[in-house]
Amino acid sequence: MENIVQPKPYEIIDVRCETDIEYTFRIATDIKPEHGQFLQLSVPKIGECPISVSEQGDGWLEFTIRKVGKVTDVIFEKKPGDHLFLRGPYGKGWPMDEIKGKHLFVIAGGTGVSPVRSLLNYCAKEEGFVKSVSLIAGFKGTDSVLFKPDLEKWKEKFNTWFCLDNEECEGFNKGFVTSYVKDLPLQEANDDYVAIVVGPPPMMKFTGLELL
């Protein structure tokens, strides 16, 4: 019988630099998680860490990882052709049946954009899956902006507010994501909507209060 909690090695097929401390690793695997789930990534004799799936395709998954400790330090030394060990997926994915056919509001901060990236790309590709998408994505500054090609694509497809905490830059609003919740077309959605909030706990708390 297969041991479902035993990590298995999978090949890294691409590594993309997002910022100085955040890389996206594309790994060859037939694991098919739900949008919003995570996997445990590990390096033998070093340790493991839970990482959200930031995108998925036929035969591969992407993980956007921040360099924050001994496990991720070693992962950042990996190159295409090397292997990482995976187990999972774990967690509850986004409730796709509840989202389908409704207006979708997504508010995400920093690396919190990673767990909603595959869902947003799915909505951009599958026209008609939702009635509309409104996205507020916030980052600390220009040096911490993730998924720049995706941001441009989402700007064309969705209602978007891209924010920088304390920096002014063309194409971005200045301020925290909570400042722009009031601009979401909640009334026009007439209660026929789903809201997803991802980010640091204080950001989620105050965003939730603003939504209420």
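Only a predicted model underlies this, so the values are computations on that prediction, with no experimental measurement involved. All values below come from the heavy atoms of this structure, side chains included, with hydrogens, waters and symmetry mates left out.
Between I136 and F105 there is no side-chain heavy-atom pair separated by less than 4.5 Å. Between H103 and L186 the shortest side-chain heavy-atom distance does not fall below 4.5 Å. Put simply, the side chain of S134 does not reach to within 4.5 Å of the side chain of V106, judged on heavy atoms. Side-chain contact between V145 and L151 is present, with at least one heavy-atom pair separated by less than 4.5 Å. Using a 4.5 Å cut-off on side-chain heavy atoms (C-beta onward), Y90 and L39 make no contact. The shortest side-chain heavy-atom distance between I196 and L119 falls under the 4.5 Å cut-off. For the pair E55 and F147, the minimum side-chain heavy-atom distance is 4.5 Å or more. L211 places a side-chain heavy atom less than 4.5 Å from the side chain of V181.
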From CA spacing to verdict: side-chain contact (heavy atoms from CB on, under 4.5 Å), V133, W154 = CA-CA 9 Å; V133 177; W154 298 339; over 6 Å; no

Taking it one step at a time, do I51 and F38 satisfy side-chain contact (heavy atoms from CB on, under 4.5 Å)?
-> CA-CA 5 Å; I51 304 292; F38 70 94; 6.0 Å; no

From CA spacing to verdict: side-chain contact (heavy atoms from CB on, under 4.5 Å), Y122, L120 | CA-CA 5 Å; Y122 180 83; L120 290 168; over 6 Å; no

side-chain contact (heavy atoms from CB on, under 4.5 Å) between V116 and H35, intermediate numbers included | CA-CA 8 Å; V116 295; H35 298 287; over 6 Å; no

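Pairing each heavy atom of C163 with each of Y180, the nearest pair is SG-CD1, 3.5 Å. For the pair C49 and Q40, the tightest heavy-atom approach, listed with the atom from each and the gap, is C-OE1, 3.2 Å. Across all non-hydrogen atoms, the minimal contact from F162 to G171 is CB-O, 4.1 Å. Contact record, Q56 with S118: NE2-OG, 4.3 Å, taken as the closest heavy-atom pair. Across every non-hydrogen atom of K102 and V130, the tightest pair is O-CB, 3.2 Å. The two residues C123 and F129 have their closest heavy-atom pair at SG-CD2, 4.1 Å.
Between the side chain of E167 and the backbone N or O of T142, at least one donor-acceptor pair lies under 3.5 Å. At distances below 3.5 Å, at least one donor-acceptor pair connects side-chain atoms of K182 with backbone N or O atoms of S179. Looking at Q37, its side chain does come within 3.5 Å of a backbone N or O of G91 through a donor-acceptor pair. Using modelled atom types, one side-chain atom of W94 and one backbone atom of P115 make a donor-acceptor pair closer than 3.5 Å.
Residues in residues 44-53 take part in these side-chain hydrogen bond (donor to acceptor under 3.5 Å, both in side chains) pairs, two or more places apart or across chains: E48-R87. Every pair passing side-chain hydrogen bond (donor to acceptor under 3.5 Å, both in side chains) that includes a residue from residues 191-208 is listed here, sequence neighbours excluded: K131-D192.
Counting heavy atoms of neighbouring residues, nucleotides and ligands inside a 6.0 Å radius, atom NZ of K125 does not exceed 12 of them. Atom CD of Q187 sits in a sparse spot, with 12 or fewer heavy atoms from other residues, nucleotides or ligands closer than 6.0 Å. Environment of NZ in K100: sparse, with no more than 12 heavy atoms of neighbouring residues, nucleotides or ligands closer than 6.0 Å.
With 3.5 Å as the limit, one finds no donor-acceptor pair spanning the side chains of N166 and K140. Side chains of S54 and S114: no donor on one and acceptor on the other come within 3.5 Å. Using modelled atom types, one finds no donor on one side chain facing an acceptor on the other under 3.5 Å when comparing W60 with D14. Under the 3.5 Å distance criterion, with hydrogens and angles disregarded, a donor-acceptor pair is assigned to the side chains of E18 and T24.
No single ILVMFWY cluster, assembled from side-chain heavy atoms under 4.5 Å apart, contains both F85 and I13. A chain of hydrophobic side-chain contacts below 4.5 Å, direct or via other Ile, Leu, Val, Met, Phe, Trp or Tyr residues, connects L184 to V197.
Remark: R16 fails to qualify as a cation-pi partner of Y23 under the 6.0 Å distance and 45° angle criteria applied to the six-membered ring. Geometrically, K155 does not engage F158 in a cation-pi contact, judged by NZ or CZ lying under 6.0 Å from the ring centre and within 45° of the ring axis.
The pair E62-R26 meets the salt-bridge criterion, since a charged nitrogen lies less than 4.0 angstrom from a carboxylate oxygen.
Residue M204 holds its CE atom at 12.0 Å from CD1 of I107, rounded to the nearest 0.5 Å.
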Would you mind writing out the side-chain donor-acceptor pairs for residues 65-84 within the sub-3.5 Å range, not counting sequence neighbours?
unit_1, atom_1, unit_2, atom_2, d
R66, NE, E22, OE2, 2.9
R66, NH2, E22, OE2, 2.8
T72, OG1, V68, N, 2.9
T72, OG1, G69, N, 3.0
T72, OG1, G69, O, 3.1
K79, NZ, E77, O, 3.3
D82, OD2, K79, N, 2.8

